[in-house]
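Before any comments, here is the structure.
Sequence lines set the chain letters: A, B, ... in the order given, protein chains first and strands last, and positions in each chain run from 1. This is a predicted model, so every value here is computed, not measured.
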Protein chains: 2
Amino acid sequence: MTQTAQQAHRLVSDGLAAVGARGYHYRALAWLDELGPTSQADLGRRSGIHLSDLVATINELADQQLVERTPDPADRRRNIITITPAGRRQLRRLEKQLTRVQDELLAALTPDERDQLTLLLRRVLDHHTDARPSTPLLPNA
Amino acid sequence: MTQTAQQAHRLVSDGLAAVGARGYHYRALAWLDELGPTSQADLGRRSGIHLSDLVATINELADQQLVERTPDPADRRRNIITITPAGRRQLRRLEKQLTRVQDELLAALTPDERDQLTLLLRRVLDHHTDARPSTPLLPNA
DNA sequence: AGTCTATCGTTCGCCTCCCTAACGTTAGAT
DNA sequence: ATCTAACGTTAGGGAGGCGAACGATAGACT
C-alpha cells in the first residue's frame with residue numbers, strides 16, 4: 001500500500017509540477033473555490049494545510065494574481081482570501097491535469113474495480129477520520 | 001487515495017518513530033537481512049534508497065551497532081555492510097510494530113476486504129512498475 | 001476602565017523522503 | 001598508460017508536514 005501510495009504521490013506531484021504548481025496550491029484553490037472568500041485560519045482548518053505553510057502558499061498564489069488577500073474590516077486580525085477569475089481558470093487546468101494523472105494511475109483497472117478500490121479506501125479513511133478531528137483534504141471528499 | 005495514503009504514511013512514520021527509527025532504517029535492515037552482506041551501491045539499488053541518503057542511514061545504523069561497515073578487500077572501492085544480531089533483533093521489533101500499524105490502519109476492513117484491497121493495489125502498482133526500472137522498495141514485495 | 005484569554009497571521013526552525021551535482025578513490029578495459 | 005566507469009561521500013535543495021513563539025487584535029469578565 002505504501003508503495004502504491006508513493007507511485008500515486010509521484011504521479012500527482014509530477015503532474016502538478018508540469019503546470020508549475022504544487023499540492024498546496026491545488027488544495028488551497030480548490031477549497032477557496034468551494035468556500036468563497038475565507039480567512040486564512042479557516043482555510044487552513046478546512047484544507048488541512050498548516051497555517052505556517054498557508055502563509056507561503058497564499059503569497060505564491062497572490063504573486064500570480066490567482067488569489068487576493070484583503071484585510072477584513074470587521075476583524076482586523078483577519079485576512080480575507082478571495083479566488084480571482086484567473087485563479088479559477090488555473091484551478092480548472094489543475095483539475096484537468098489531475099484527471100489525466102488519475103487515469104494514468106488507474107489504467108490497469110476496470111471502472112468497476114476503480115469503484116471498488118475507492119470504496120475500500122474510503123472505508124479505511126473514514127474509520128480513522130472518525131476518531132480524529134475529521135478534516136478532508138479536498139472539498140469533494 | 002492520496003488521503004488514505006497520507007493516513008497510512010503518518011501511521012507508519014509514527015509507529016517507527018515510537019521505536020526510534022525511520023523508514024530508511026527499516027528498509028535498509030529488511031533488505032540487508034534478505035540479502036546478507038552487500039555493498040552500499042547494491043543495497044541502494046535494491047532498496048530504492050538514494051546512495052547519498054544511504055550513507056547517513058548506514059552511519060546511523062552503525063552507530064547503534066545494528067550494522068557493520070567493513071571495507072571489501074577484493075574491491076577497495078566497496079564497503080561491505082553486514083547486519084548484526086542486534087540489527088536482526090531491531091528488525092524484528094520494527095516488523096512487529098509495523099504489523100500493529102497495519103492492523104490499526106485496516107481495522108475497518110474484513111480479512112476478505114483486505115485481500116481485495118491489496119490485490120487491487122498490486123494490480124495498479126504492477127502496471128506501473130512494469131514500464132519502469134522495477135525496484136520493489138521492500139524485499140517481500 | 002482594566003485584565004485575561006483566545007484567535008489570527010507571521011516567522012523561524014526542524015523532520016522525512018526524494019533527488020542532483022560534484023569530487024576523490026579505485027577497478028577494469030583499451 | 002590512459003580512459004571510463006563504478007563506489008562512497010559531501011553538500012544542497014524541493015516538497016510536505018509539524019511545533020514554538022510573537023505581535024496584534026477581539027471578546028469576555030470583573
Side-chain angles (χ1 to χ4, degrees), chain A residues 2-3 5-28 38-62 67 69-81 132-133 135 137-138, chain B residues 2-3 5-28 38-62 67 69-81 132-133 135 137-138:
Chain A
T2 301
Q3 298 179 46
Q6 273 170 357
Q7 189 64 34
H9 193 271
R10 177 199 305 273
L11 284 175
V12 168
S13 290
D14 288 357
L16 289 179
V19 201
R22 301 182 288 145
Y24 281 172
H25 297 149
Y26 172 66
R27 279 158 66 179
T38 325
S39 73
Q40 289 182 208
D42 208 40
L43 181 56
R45 276 186 291 265
R46 300 284 195 144
S47 65
I49 300 179
H50 200 283
L51 281 192
S52 58
D53 299 316
L54 198 52
V55 174
T57 303
I58 299 294
N59 283 344
E60 290 155 11
L61 291 175
V67 123
R69 190 198 250 125
T70 48
D72 183 343
D75 183 341
R76 300 219 307 268
R77 292 171 302 179
R78 281 187 172 86
N79 288 337
I80 297 187
I81 313 298
R132 285 172 181 266
T135 306
L137 298 171
L138 291 177
Chain B
T2 300
Q3 298 178 47
Q6 273 169 357
Q7 188 65 34
H9 195 273
R10 177 202 306 272
L11 284 176
V12 169
S13 290
D14 287 358
L16 289 180
V19 201
R22 302 182 287 146
Y24 281 173
H25 297 150
Y26 172 65
R27 278 158 66 180
T38 323
S39 74
Q40 288 182 211
D42 209 40
L43 181 56
R45 276 186 291 265
R46 299 284 195 146
S47 66
I49 300 177
H50 201 282
L51 281 191
S52 58
D53 298 317
L54 199 50
V55 174
T57 304
I58 299 294
N59 283 343
E60 289 154 13
L61 292 176
V67 124
R69 191 198 249 124
T70 47
D72 183 345
D75 184 340
R76 300 220 307 268
R77 291 171 303 180
R78 280 187 172 88
N79 289 335
I80 297 188
I81 313 299
R132 284 172 181 265
T135 306
L137 297 171
L138 292 177

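- One interatomic measurement links the two molecules: CG of B:N79 to P of D:dT10, which rounds to 11 Å at whole-angstrom precision.
- With hydrogens and angles left out, the side chain of A:S52 and the base of D:dG19 share a donor-acceptor pair within 3.5 Å.
- In terms of heavy atoms, B:V55 sits closest to B:Q40 at CG2-NE2, 4.1 Å.
- Computed from coordinates, the B:I49 CD1 to D:dG8 P distance equals 14 Å when rounded to whole Å.
- Rounded to whole angstrom, the span from the CG atom of A:D42 across to the C1' atom of C:dT7 amounts to 12 Å.
- The base of D:dC18 sits with one of its N or O atoms less than 3.5 Å from a complementary donor or acceptor on the side chain of A:D53.
- Taking only distance into account, the side chain of A:H50 never meets the base of D:dG16 through a donor-acceptor pair shorter than 3.5 Å.
- Put simply, B:R78 has no side-chain N or O that comes within less than 4.0 Å of OP1 or OP2 on C:dT25.
- Side-chain proximity of A:R77 to C:dC18, C:dT7, D:dA5: nearest is C:dT7.
- Considering only side-chain atoms of B:R76, the nucleotide from C:dA27, C:dC18, C:dC8 that sits closest is C:dA27.
- One can place NE2 of A:H25 at 12 Å from C1' of D:dG16, the figure rounded to the nearest angstrom.
- Between the NE2 atom of A:H9 and the P atom of D:dG16 there is a distance of 6 Å, rounded to whole Å.
- Contact of A:D75 with C:dC8 (side chain to base): no donor-acceptor pair of N or O atoms is detected under 3.5 Å.
- Residue order along DNA chain D, read from the 5' end via each residue's closest nucleotide, puts B:N59 first among B:N59 and A:L16.
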Worksheet item: Stepwise, does the side-chain contact (heavy atoms from CB on, under 4.5 Å) test hold for B:R22 with B:E60?
Response: CA-CA 11 Å; B:R22 302 182 287 146; B:E60 289 154 13; 2.7 Å; yes

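- Counting to the nearest Å, the P atom of C:dC18 and the CG atom of B:L51 are 14 Å from each other.
- Which of D:dT9, C:dC8, C:dT26 sits closest to the side chain of B:R69 comes down to D:dT9.
- Separating the CD atom of A:E60 from the P atom of C:dT10 is a distance of 13 Å, rounded to the nearest angstrom.
- B:R69 has its side chain out of reach of B:L61: every pair of non-hydrogen atoms, C-beta onward, lies at least 4.5 Å apart.
- Between B:R78 and the options B:P71, B:P73, B:S39, a side-chain contact (heavy atoms from CB on, under 4.5 Å) holds for only B:S39.
- One atom, CD of B:Q40, and another, C1' of D:dT10, lie 13 Å apart when rounded to the nearest Å.
- Which of C:dC8, C:dC18, D:dT9 sits closest to the side chain of B:R27 comes down to C:dC18.
- B:A28 and B:I49 make their closest contact through N-CD1, 4.2 Å (heavy atoms, listed as atom of the first residue, atom of the second, distance).
- Of the candidate nucleotides D:dT9, D:dA15, C:dG9, D:dA15 has the atom lying nearest to any side-chain atom of A:R22.
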